[in-house]
Amino acid sequence: MALPADAAAAATGLPAVQPQYSFADSLASADGASADDLAFLKDIDGLDDDEKELDLHRSRIAATIAALNAQGLHIYRCIATLGFLRPRVHHHPAYPRLLAALTTAATPAATASTPIVIDIGCAFGTDVRKLLLDGVPADRILASDLLRGYWDAGADRLFADRGAAVATLFADWTSPDGPPPLPPAVAPPARVRAVVASAVLHVFSKPQVDRFARNVHAVLADDDDDGGLFFGTCVGRETAGPWSGDEAKKGSGGGGNSGDGGDDEDSVRYLHSPTSLARALEAAGFVDVEVVAGGTGWGSLTFPDRLEPGGGGSASTPAFRLCFTAVKRKVD
């Protein structure tokens with residue numbers, strides 16, 4: 001979700017990000033992508049299991065990674081393991097509710113309140129393509145991230161669909177100045193009914209998570225019975241605290257930081273516990289907050305309940321996946 005500090009500032013004018021926790025040294029080869037890894041790309045393209053067609057997909061993966069390297073873009077764990085090839089959003093328990101809100105046919109009376117979902121931390125746009133594949137109209141999706149290099153690599157190389165006519169916003173959602181202005185394509189009278197953040201919160205410091213939650217709350221609509229929906233996933237721990245070991249010193253993917261990887265609270269990545277994340281979301285103004293740890297509530301998701309130490313835990317404080325849901329409701 002970020003360039004190295006000096007490159008990010010020069011390329012975008014955004015605040016410098018912190019030194020990165022790169023997985024580039026453990027990057028999997030595109031040639032090793034299995035048929036299962038390529039299943040979603042096959043679904044999108046309508047290709048079969050012919051080895052030549054699978055090799056076409058592998059060549060697109062290689063071109064995607066080459067584009068990241070050419071731009072100096074950070075290699076996150078999900079890139080190193082080729083996890084970006086598989087959508088995540090549909091595994092969340094709130095996904096059916098999201099689809100129901102976004103795929104309802106618009107009527108003349110409802111046109112002025114077209115529902116919009118924002119995918120923050122969209123990266124290559126894998127979850128965006130899943131939404132499109134499941135019938136969500138392109139004009140009801142806003143793809144957002146800090147920098148556009150990942151999205152462009154997905155649009156031009158991985159999916160080769162030029163962005164599928166989806167509106168984009170590249171901005172810092174952790175800014176203390178509030179949420180970024182929405183682009184004209186999704187500005188009022190459209191309504192932001194949902195925000196999705198998959199594998200995002202654990203790249204932030206504790207203050208960044210707080211600001212991110214406040215900014216998401218601010219942009220969500222609350223003018224219907226269901227309210228505004230915020231859901232996603234992240235890495236967490238049983239006891240909240242800074243990212244363990246050396247990783248704690250290697251910064252976050254958001255902007256607005258010191259950029260020096262120092263000891264100040266805003267420069268250390270932070271892993272929430274289920275309780276601390278729930279409290280952070282409630283402090284931002286959300287209600288009906290639910291944070292579930294491990295495999296419980298994940299449906300068919302096959303992520304392990306606990307991650308190896310390199311995923312954010314240690315021998316004494318193992319890490320696991322957190323699945324969260326929160327709602328913004330109008331205050332009477």
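In this structure, a donor-acceptor pair under 3.5 Å is absent between the side chains of T168 and W151. A donor and an acceptor atom, one from each side chain of D45 and H57, are located under 3.5 Å apart.
Using a distance-only test at 3.5 Å, with no hydrogens or angles considered, a donor-acceptor pair links the side chain of R269 to the main chain of H202. Without hydrogens or angle criteria, D145 side chain to A123 main chain gives a donor-acceptor distance under 3.5 Å. Formation of a donor-acceptor pair under 3.5 Å by the T174 side chain with backbone atoms of F212 is not found in this model. Under the 3.5 Å distance criterion, the side-chain polar atoms of S175 are left unmatched by any main-chain donor or acceptor of D172. When atom types are taken as modelled, the side chain of K328 and the backbone of L220 share a donor-acceptor pair closer than 3.5 angstrom.
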Original post:
F84 and Y76: ring-ring contact (aromatic ring centres under 6.0 Å, His included), yes or no, with the steps?
Top reply: CA-CA 10 Å; F84 65 93; Y76 288 90; over 10 Å; no
**OP:** Kindly determine whether D152 and R157 satisfy salt bridge (Lys or Arg N to Asp or Glu O under 4.0 Å), including the steps that lead there.
**Re:** CA-CA 8 Å; D152 285 347; R157 293 173 175 81; over 6 Å; no
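The distance from the CG atom of L85 to the OG1 atom of T126 is 7.0 Å, given to the nearest 0.5 Å. Here the CZ atom belonging to F230 is positioned 10.0 Å from the OG1 atom belonging to T325, to the nearest 0.5 angstrom. From L277, atom CG reaches atom CG of L271 across 11.0 Å, with rounding to the nearest 0.5 Å. Of the inter-residue distances, the one linking R191 atom CZ with I116 atom CD1 reads 10.5 Å to the nearest 0.5 angstrom.
Electrostatic pairing of D55 and R58 counts as a salt bridge here, judged by a charged N lying under 4.0 Å from a carboxylate O. Taking 4.0 Å as the cut-off between side-chain N and carboxylate O, D36 and K42 do not count as a salt-bridged pair. Salt bridge annotation for K130-D134: present, with a cationic side-chain nitrogen under 4.0 angstrom from a carboxylate oxygen. For the pair R88 and D127, the salt-bridge criterion is not met [side-chain N within less than 4.0 Å of a carboxylate O]. Ion pairing between a basic and an acidic side chain is recognised when a charged N comes within 4.0 Å of a carboxylate O; R129 and D161 show such pairing.
Scanning for side chain to side chain donor-acceptor pair (under 3.5 Å) contacts around S276 gives H272, S273, with sequence neighbours left out. Scanning for salt bridge (charged side-chain N to carboxylate O under 4.0 Å, His left out) contacts around D139 gives an empty result, with sequence neighbours left out.
Ring centroids of H217 and F286 are separated by less than 6.0 Å, placing the two rings close together.
Across L142, L182, I120, a single residue satisfies side-chain contact (heavy atoms from CB on, under 4.5 Å) together with V219, and that is L182.
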